[in-house]
S.K.: 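Structure incoming, see below.
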Amino acid sequence: MKKLSLAALVLGISLVSATAFAQVADGTFTGTGAGRNGDIKVDVTFAQGSIADVVVSEQNETPGIADPALANIPEAIKANQSTAVEAVTGATLTSDGIVAAVKDAIAQAGGTEADFSAAVETAKSTEVVDLDCDVVVVGAGGSGMSAALAASQAGANVIIVEKSAAVGGSSIMSMGLGAVGSSMQKEVEMGNFTISQWMSDWLYQQNYMVSAPMIYKYMSESGKTVDWMLENGVALNYTGHEQGALEGNPIATYHVWAGDGLAAALNRWVDRVTENGGAIYYQTSGKSLIMENGAAKGVVAEQADGTTLNIHAKAVVLTTGGYGASNEMIEALLGFKTNGINSGTQTGDGINMAVAAGAATEGIENIEFHGVAIPNELKTNTIPFGAKDMVGLLLHDPTGIWVNKDGQRFANENIAYDTAYHGNIASRQGSEYYVIMTQKILDTYENEGQAALGRVTANTGFGPLPVDAKWEGFSQQISDYQVSGGLYKADTLEELAEKTGMNAKNLVATIAQYNAACANGEDDYLNKPAEFLTAMEEGPYYAVVARASQLGTLGGLKINTDMEVISTENAVIPGLYAAGVDSCGSMFNRVYVSYEGVTMGWTMTSGRLAGENAAAFVK
């Protein structure tokens, strides 16, 4: 097998250019496509039947995650004269949006999709390359980059493999992290709660079905992590809380990203690791562990061009972000579907690699549920970027009632104010449930606003509309969602039950009970505040399809408080470490706790500890 220097292994995808001479008008045309966060506009210049230039002119994509796609996809389309280019791993929706915008521009110029859709041949390598290092880190999200930097600072030579084309993963979608004992907290009165107070409350919230030693490890090290991050150029502000519902709670944990944000800081950490002699390989996926006599001795990885990397190491750190982006694993382990909120690369790679090598799992079904949304596959793309998704707001509006497939109401709808509670209860209903409204309520919202129903509080989740604001354009959005399958309309409850698959007898009884509560001004079943009680006495009736959303998984590999992975025989696997959401199953009892930033707090803290301990193991 061929040995190459690290410098010679900078990843590059070889593309075979195709020449197109289509019947398109010369000039620049602006096309539009739907990206992850809204419309992407691309200026495409045509000259003599070919694509002369492709420039993204407007976009609202997530910085860090989308950057490689924004830079590489236009160049690939231009180089190959084809829109049939591969999406950038970790930025698929952005890649698809750029391609759609270019196709739109081609049509405007008088061309057809076939003119610029020749297959792009990507040379697949069969080469096998051997590399050597002290510590190999699989995954370059928040925990992976923390591990890599900490190990590098401890004197280890580090190789990082990252599945996508950028660092950060889902971590850079976060707002901050939770911690106790940081220097920032000690400067203000708000931060004067103790670890023991936090421990007591956490254990109580989780019904004591968690690991006190593991939680204590996180808490006692979290403040040190914040200070370590500050020392390494991450800007933070201590706010204590962000959610209004937590105002006054003495356990004020939240530290918010400041300055140029986490993504920029993690890229600077990459520079520090490489300056110390390390290396990073983008668009490179970990495939299996190299095991010798029961110990982890490296990783087999595959680059985007097919090259196999045998990375021989003295220690391995797995930080691949859990399996929140794997619909297959989600459904297999939970038995129902969820809406994932992630960068798309979290498909359980690290967990599966370790399990194949004999690792045990713990709390693998733990999920960080975070609010609800219309199922991803049923969302309409007809709502312009920046416009309110008013049908989506109904899922967070306590005026409606929440009914499961059995036709039964299952929660006080006013808990929509808390995303953890809302997501948790929604997950108990399976893949979907329904928010019931009437034509009268929807017409009132559109023509008069919520205040016309006596509302004082506009509790409609993220980005609430003022109570006296008219929901202009609401009818059109309702029609669009009917077409997409995200909403059902019926003249009778029996017909609504038939369309949705709900139990008709139970649904009729549920609505009757609810209307009686509205007439009495008191919800004696689930105690919804009287302010939100509005009877649903006559149709047409609407049912909006709802599904629990999740920020990621919270369980996976079993570890000890030194971040060492434990085998199915309850022994340490020498040289194998895990951090982040690949390995926090002992901290949660299948539901998320009501503190802010603790997932990111664990991510960064466990990553730092795993890197330090892996480097110490090497020595």
S.K.: Only counting residues at least two apart or in another chain, list the ones meeting salt bridge (charged side-chain N to carboxylate O under 4.0 Å, His left out) with Asp260.
M.R.: Arg268
S.K.: Does any donor atom in the side chain of Thr534 or Arg455 lie under 3.5 Å from an acceptor atom in the other side chain?
M.R.: yes
S.K.: How long is the gap from CD1 on Ile401 to OH on Tyr434, to the nearest 0.5 Å?
M.R.: 14.0 Å
S.K.: Consider side chain to side chain contact (heavy atoms under 4.5 Å, CB included). Of Leu496, Val544, Leu394, Thr500, which one does Ile436 pass it with?
M.R.: Leu496
S.K.: Please identify which of these residues, Thr319, Thr320, Thr553, meets the side-chain hydrogen bond (donor to acceptor under 3.5 Å, both in side chains) condition with Asp582.
M.R.: Thr320
S.K.: If we ignore angles and hydrogens, is there a donor and acceptor under 3.5 Å between the side chains of Thr253 and Glu596?
M.R.: no
S.K.: Do Thr30 and Asp43 pair up side chain to side chain, a donor and an acceptor below 3.5 Å, judged on atom types alone?
M.R.: yes
S.K.: Nearest 0.5 Å please: distance from the CD atom of Glu365 over to the CG atom of Leu554.
M.R.: 12.5 Å
S.K.: Is the distance between the ring centroids of Tyr433 and Phe410 less than 6.0 Å?
M.R.: yes
S.K.: Strictly by modelled atom types, are Ser174 and Trp257 linked by a side-chain donor-acceptor pair under 3.5 Å?
M.R.: yes
S.K.: Does atom NZ of Lys405 have more than 12 heavy-atom neighbours from other groups under 6.0 Å away?
M.R.: yes
S.K.: Tell me yes or no: between the side chains of Asp115 and Thr112, is some donor less than 3.5 Å from an acceptor?
M.R.: yes
S.K.: Can you tell me if Ser475 and Glu446 form a side-chain donor-acceptor pair at under 3.5 Å?
M.R.: yes
S.K.: How would you list, by chain and number, every residue that makes a side-chain hydrogen bond (donor to acceptor under 3.5 Å, both in side chains) with Glu331, sequence neighbours excluded?
M.R.: none
S.K.: Identify, with sequence neighbours excluded, every residue that meets ring-ring contact (aromatic ring centres under 6.0 Å, His included) alongside Tyr445.
M.R.: Trp471
S.K.: Does the side chain of Asp389 come under 3.5 Å of the side chain of Tyr481 through a donor N or O and an acceptor N or O?
M.R.: yes
S.K.: Kindly compute the distance separating OG (Ser594) from CG (Asn249), expressed to the nearest 0.5 Å.
M.R.: 7.0 Å
S.K.: Between Gln408 and Asn404, is any side-chain donor less than 3.5 angstrom from a side-chain acceptor?
M.R.: no
S.K.: For Tyr525 and Gln513, does a side-chain donor sit closer than 3.5 Å to a side-chain acceptor?
M.R.: no
